[in-house]
Amino acid sequence: MNSRTFFKIIQLLLYLLLLFNASESRFRRSQHHHICRKESQISFKEREILAKLIFTGTVSRIYKSHSRVYRGIVRIKRVLKGDRRLSDSHVIIDGFGNSKLCKSEVKERDTRIFLVNRVNGRLTLNSSLIRVNVNNLRKVVAAVKSK
Ligand SMILES: *[C@@H]1O[C@H](CO)[C@@H](O)[C@H](O)[C@H]1NC(C)=O
């Protein structure tokens, strides 16, 4: 085999690999979308009622594991529902990357609104993460107030 043929073969293999990767990630995305649709069917008010603790906070550290779901340390800024004494404390939040939730992925330094519950003694993400902005904060505060 001359070097030119060899190069052609490598090129073809790379092309096939790219094609395979692209279709796989499309499959994963559609699968994820299918699972998280359940969450989008329940109203925001219901999601708020389910969560016993709601706060704004910043992810200070992520601990990825072998499983899809991972945990992280979050510095709580402002408690919107639940024990206000948790403000300014660092807590471990479990359940990031949960495919049942539409938005459950975080990176270090992300600031979000977290809706969590205690599961087997661990604070666990119970609902999709929400971006922090004036509108979203208003929406959450209004939901918590209305009983
Ligand atoms: C959220 O919390 C409620 C009440 O504990 C529970 O029934 C539900 O399964 C939780 N949802 C998720 C996605 O963990």
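Along the sequence shown, residues are numbered consecutively beginning with 1. Basis for what follows: all heavy atoms, side chains included, without hydrogens, waters or symmetry-related copies. Order of appearance sets the numbers: ligands from 1, and atoms from 1 within every ligand.
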*Would you say the side-chain atoms of Asp94 pair up with the backbone N or O of Arg71, donor to acceptor, closer than 3.5 Å?*
no
*Looking only at atom types and distance, does a side-chain atom of Glu46 sit under 3.5 Å from a main-chain N or O of Ser43, one as donor and one as acceptor?*
yes
_Among Thr124, Val119, Leu125, Asn126, closest by any non-hydrogen atom to atom 2 (O) of ligand 1_ = Asn126
_Check whether Ser127 reaches the backbone of Arg47 with its side chain - one donor and one acceptor, N or O, closer than 3.5 Å._
no
*Which protein non-hydrogen atom lies closest to atom 7 (O) of ligand 1, naming both residue and atom, and how far is it?*
Leu50 CD2, 4.8 Å
*Please indicate whether any nitrogen or oxygen in Asn117 is less than 3.5 Å from any nitrogen or oxygen in ligand 1.*
yes
*Counting N and O atoms only, with roles assigned by atom type, does the side chain of Ser128 sit under 3.5 Å from a partner on the main chain of Cys102, one being a donor and the other an acceptor?*
yes
*Apply salt bridge (Lys or Arg N to Asp or Glu O under 4.0 Å) to the pair Lys100 and Glu39, showing each step before the final yes or no.*
CA-CA 7 Å; Lys100 284 188 199 136; Glu39 188 192 29; over 6 Å; no
_Heavy-atom distances under 4.0 Å decide this one: backbone, side chain, both or neither, for Leu101 against ligand 1?_
side chain
*Is atom 9 (O) of ligand 1 close to the protein, meaning a heavy atom under 4.0 Å from it?*
no
